[in-house]
There are 2 protein chains.
Amino acid sequence: MKPKNITSADVARLAGVSRSTVSRCFKADSRISDNTRKRVIEIADQVGYQVNKIARSMITRESDLVGVVSSGLHDPFAVVLIDQLITTLQQRGLHPILLDASNETQLEISIKKLAQYQVKSIIITSGSPSSAIGAQFVSLNIPVILLNRAGQLDQANLINCDNRTGSTLAAKALIEAGHRNLAFINSKNSTYSGTKRGEFFEQALALKIEAGEITLHQVLPSKTGYVGGYEAALDLLKNLDHPTGVYCATDNVACGFIDAAKFEMGKKIPEDVSVIGFDDLPIAARAPYNLSTIRQCPTDIAQATADCIQTIDTSPKPKRIIIPVKFINRGTVAPIKIA
Amino acid sequence: MKPKNITSADVARLAGVSRSTVSRCFKADSRISDNTRKRVIEIADQVGYQVNKIARSMITRESDLVGVVSSGLHDPFAVVLIDQLITTLQQRGLHPILLDASNETQLEISIKKLAQYQVKSIIITSGSPSSAIGAQFVSLNIPVILLNRAGQLDQANLINCDNRTGSTLAAKALIEAGHRNLAFINSKNSTYSGTKRGEFFEQALALKIEAGEITLHQVLPSKTGYVGGYEAALDLLKNLDHPTGVYCATDNVACGFIDAAKFEMGKKIPEDVSVIGFDDLPIAARAPYNLSTIRQCPTDIAQATADCIQTIDTSPKPKRIIIPVKFINRGTVAPIKIA
DNA sequence: ACTTTTTGTGCACACGTTTGCACAATATTA
DNA sequence: TAATATTGTGCAAACGTGTGCACAAAAAGT
C-alpha cells in the first residue's frame, strides 16, 4: 500500500511531455506522432511503467474483468469448461475472476461482489440468478451469460449445448442395438441440462413407449454425479430383468454406474448393459471406461461465450445460442444378447 | 459504460449527510453514531448502492484481488488445489483472478497483467517466475507465493508439501512388502515436486542400493501425466524381470501406469506389480484403481496460502512452509510373490 | 501570400472513493 | 460553572488515469 507507484506523470516528466500524451501513447487509436510515441514507450519500459488499470477503469467506467461463477470444480465438465474459458478469455484480453456459488444465497452474494468490480460481464455456470438480482444487473448494464442453465430472466444471454439432438442420438443408438428395456439416470436435484436430457430422451422414445415396444425407467438417485451413478447401478441391476440400455445425464454419472456395475454387481460392460454418457470428458476415452458418449465441446462454448461478451456492446439484444453435439461411439454400446 | 452509477454522493444527499459519512458507514472501525449508520445503510440498500471497489482501490492503493496463475486445469491436482483456493480465498474476502501460463513467456506476460490490477498477492502453481520479474514484484511490493514450486527468487514465499516424508513412506511400504526391484516413474520435463520426489525416494533407498539389496529404475517417459504413466508401463513391463514395486510421481501417472499394465500388458495389480501414487486425488479412491498413495491435502495448502497472504503485511519476511503428508494404503501394495 | 484543413500536444475536469484535519456538539471532570 | 475530553460529522485533497476542448504549428489548397 505504501510504496509510491510509477505513474504516467513520472514518464511524462522524463520524456518532457504532458500526461495526456503519455496516456495517448498507450491507446491504439490516438493521434500521436510516431516519434514521440516511440520515445515515450521506450522511457516507460525503462522505468518499468505499467498503466494502472484500476485508475483506467475508474475513468472509463469499464474493465476487462469478467466474473465467472461456478459451484466449485467438483463437476468434471465444469473443470474442462472453465479451463477453456480461462484461456479463451485471456486470449481476448479479458480476465476472469472466479467465484464459488454452491447455493442460491451464496450465488446472490457472489454476484453482488462482482458488481462492485465493474465487471464487463458475468458468466454463470451453476445455479440461476433470481430475477431480482437479474434486474439489478440489467439496471447496471452488466450482461449476464448463462451456460447450460435455464433462464427465468429473459435479459440473460443463453448458451446451451444441443441437449435435444444429443438425447435423440442416444435413443437412436440404443434402439438400433436392439435394446427394449431402457433407463435414464440423472439425479434427484438435477441441473437444468440433466433434466432436459431426460425430457428429450423420453420424447425421442415417446412413440415406441406408447406402442409398448419400449419401457423407460427414469432413475433419480439421491446423490449427484459419480456416486449417484454408482448408487443407481446398485439399485437398478439387482433384479434379473434389469434395463440393458442406459443413458446417463453425464459421463461422470456413467463412470459411477459402470464401476458399480462391474465391481459391485459383477456385470460386464457392454455385454450385460450398454451405457451412453454425455460430455465426452477426457476420462471417457481411457481404457477402464472406453465410454460411448455425446460430445459437447467446451472450446466451442468458450468461444461462443467470448464472442457474446465482445459483441454485446454493438448488439445488446440477449442471445440464444445452441452448441452442436456429436455422438462418439466407443465401446460401451453392444447389440442386445439374445436370451 | 454509459449509465450513471449510484454513488456515495447520491446516498449522502438522500440521507442528508456528507459523502465522508457514507463512506465511513461501510468501514467497520470508523466512529459513526449507530443511528446515522443504520439510516445510511438502509437508504443505501433501498437505492441499491454498492461501494465501488475500483474507486476504493484507487485511493487505498490496494485491492482484494489475488492473482492465481496455473498452466490450465489439465493437471488433476491443480484442479483440486485451485478449487480449494477459490473457496478459501472467497471465505476470506479475497477474489482470485485466474491466468493461464503454459510456458515461461506466457507466465511473464500474465504476471505483468496482474501487476496492472494492483493485486494483493500472486499465487503461482506452475512454472517459476524469472528472477527479473520477481525483482519487479519486490519493487512493487506485491508478494509472490510459490505452490509446490522451486524458488530461485528468495523473496518469494514457498509452500510445499512434504515430499521427503512422502517418498520415504513410499519406499518403506514397498520394502516392507518385500519388493527388491523398484522403479520411480516421473516425466522427462518434470515439475519441481516430481523431481524432488524422485530424489528423496532414491535417498531413502540409498543404503540398500549401495548394499546391492535393491535396484531402482528412474523412468522418465517423454510425456507427462496419465499418458506418461501409460507409456512407462508399456516400456517397463515388457521384460519378464520387470520391477515389482513402482512409485509414481503423481496419482495421475499411477492411473496411466495401472491402466496400461492391466489393459495392455495383461498384468494384475497389485499381484504382479505394486503401485504407489502421490496426491490422493478423488479418482484414487474409486473402484477401478483403489490406489495406495501419499495424500497431500489441498485444503491445508489453500489455508496456508490464505494465511500467508493475510499475515504478509505484519510479517513481510518470506515464509517457507511445509505441508504434512500421509500414506493412505488402499489396495495396490501387496507382498511380493515368491517365485 | 493568404486562407483553410490537418496534425500533434497541453489544460483541466471528471471518475468515486478514503482520510487527515478541523470543528461543533455533547459528555465528563474539577 | 468553567475547563477539558470525547464523539460525530464535514471539508477538501488526494489516488492515476482518459478525453473534450482549445490552440499552435505545419501542410494543403487557392
Side-chain angles (χ1 to χ4, degrees), chain A residues 1-41 43-44 47-65 115-120 140-141, chain B residues 1-41 43-44 47-65 115-120 140-141:
Chain A
M1 168 198 176
K2 295 296 144 77
K4 208 85 169 108
N5 283 339
I6 308 154
T7 84
S8 62
D10 298 328
V11 196
R13 191 162 11 83
L14 261 47
V17 294
S18 74
R19 278 183 11 256
S20 326
T21 304
V22 175
S23 169
R24 284 192 256 257
C25 285
F26 288 89
K27 301 243 28 164
D29 53 337
S30 319
R31 310 179 314 180
I32 279 283
S33 81
D34 291 355
N35 276 343
T36 34
R37 164 167 281 149
K38 217 171 75 181
R39 191 160 47 91
V40 168
I41 298 264
I43 292 185
V47 298
Y49 167 75
Q50 311 222 104
V51 357
N52 184 329
K53 290 216 178 175
I54 298 276
R56 175 182 286 180
S57 284
M58 179 86 259
I59 179 70
T60 60
R61 243 110 126 263
E62 59 184 6
S63 72
D64 42 17
L65 258 26
Q116 303 180 334
Y117 274 107
Q118 311 276 78
V119 291
K120 195 184 192 67
L140 286 171
N141 246 23
Chain B
M1 168 198 176
K2 294 297 146 76
K4 208 79 171 113
N5 283 339
I6 308 151
T7 83
S8 63
D10 297 328
V11 224
R13 190 160 12 82
L14 260 48
V17 296
S18 73
R19 279 180 8 252
S20 328
T21 304
V22 175
S23 168
R24 284 192 256 258
C25 286
F26 288 91
K27 301 242 30 164
D29 53 336
S30 318
R31 309 179 315 180
I32 279 283
S33 83
D34 290 355
N35 276 343
T36 36
R37 162 167 284 149
K38 216 173 75 182
R39 191 161 46 91
V40 168
I41 298 262
I43 293 187
V47 298
Y49 167 75
Q50 311 221 106
V51 355
N52 183 330
K53 290 217 180 174
I54 299 275
R56 175 183 287 180
S57 285
M58 181 85 257
I59 180 69
T60 60
R61 245 112 125 262
E62 59 183 5
S63 73
D64 42 18
L65 258 26
Q116 304 180 334
Y117 274 106
Q118 312 277 80
V119 290
K120 195 185 191 67
L140 287 170
N141 246 22

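Letters A, B, ... are given to chains in the order of the sequence lines, protein chains preceding strands, and every chain is numbered from 1.
At least one side-chain nitrogen or oxygen of B:S8 sits closer than 4.0 Å to the OP1 or OP2 atom of C:dT17. The phosphate of C:dG10 (OP1 or OP2) has a side-chain N or O of A:T21 nearer than 4.0 angstrom. Distances shorter than 4.0 Å separate none of the side-chain N or O atoms of A:T60 from OP1 or OP2 on C:dC15. Checking the phosphate oxygens (OP1, OP2) of D:dG18, no side-chain nitrogen or oxygen of A:R61 falls inside 4.0 Å. In this structure, B:S33 reaches the D:dT9 phosphate: one of its side-chain N or O atoms is under 4.0 Å from OP1 or OP2.
We find that CG of A:N52 is positioned 18 Å from P of C:dC15, with the value rounded to whole Å. The separation between A:M58 atom CE and D:dT19 atom P is 14 Å, rounded to whole Å. The distance between atom CZ of A:F26 and atom P of D:dT17, rounded to the nearest whole Å, is 9 Å. Atom CG of A:D10 is separated from atom P of D:dG16 by 9 Å (rounded to the nearest Å). Following rounding to the nearest Å, B:R13 (CZ) and C:dG16 (P) show an atom-to-atom distance of 12 Å. One can place CG of A:D34 at 8 Å from P of C:dG8, the figure rounded to the nearest angstrom. Atom CD1 in B:I32 sits about 13 Å away from atom C1' in C:dT19, given to the nearest Å. Rounding to whole angstrom units, CG of residue A:N35 and P of C:dG8 are separated by 10 Å.
When heavy atoms are screened at a 4.0 angstrom cut-off, A:V22 is found touching no nucleic acid atom at all. Among the atoms of the strands shown, only primed sugar atoms or phosphate atoms (P, OP1, OP2) are found under 4.0 Å from some heavy atom of A:Y49. Note on A:S57: nothing from the nucleic acid sits closer than 4.0 angstrom, heavy atoms only.
Screening B:T7, B:N5, B:I6 for a side chain to side chain contact (heavy atoms under 4.5 Å, CB included) involving B:N52 leaves a single residue, B:N5. If you run side chain to side chain contact (heavy atoms under 4.5 Å, CB included) between A:V22 and each of A:L14, A:D10, A:V40, only A:V40 comes through. Between B:C25 and the choices B:K38, B:R39, B:R37, the side chain to side chain contact (heavy atoms under 4.5 Å, CB included) rule is met once, by B:R37.
Nearest heavy-atom pair across A:K120 and A:S63 is CB-O, 3.4 Å. Residues B:Y49 and B:S8 come closest through the heavy atom pair CE1-N, 3.4 Å.
Along DNA chain D, the nucleotide closest to B:Q118 and the one closest to B:G16 are compared, and the more 5′ of them pairs with B:G16.
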Table of protein N/O atoms under 3.5 Å from nucleotides 22-24 of chain C N/O atoms:
none

Might you list the N or O atoms of the protein lying below 3.5 Å from N or O atoms in nucleotides 11-14 of chain C, with each pair's distance?
residue: C:dC11; atom: N4; partner: A:S20; partner atom: OG; Å: 2.9
residue: C:dA12; atom: N6; partner: A:S20; partner atom: OG; Å: 3.4

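Between its opening and closing five pairs, the helix from C:dA1-D:dT30 to C:dA30-D:dT1 changes axis direction by 30°, a value rounded to 10 degrees.
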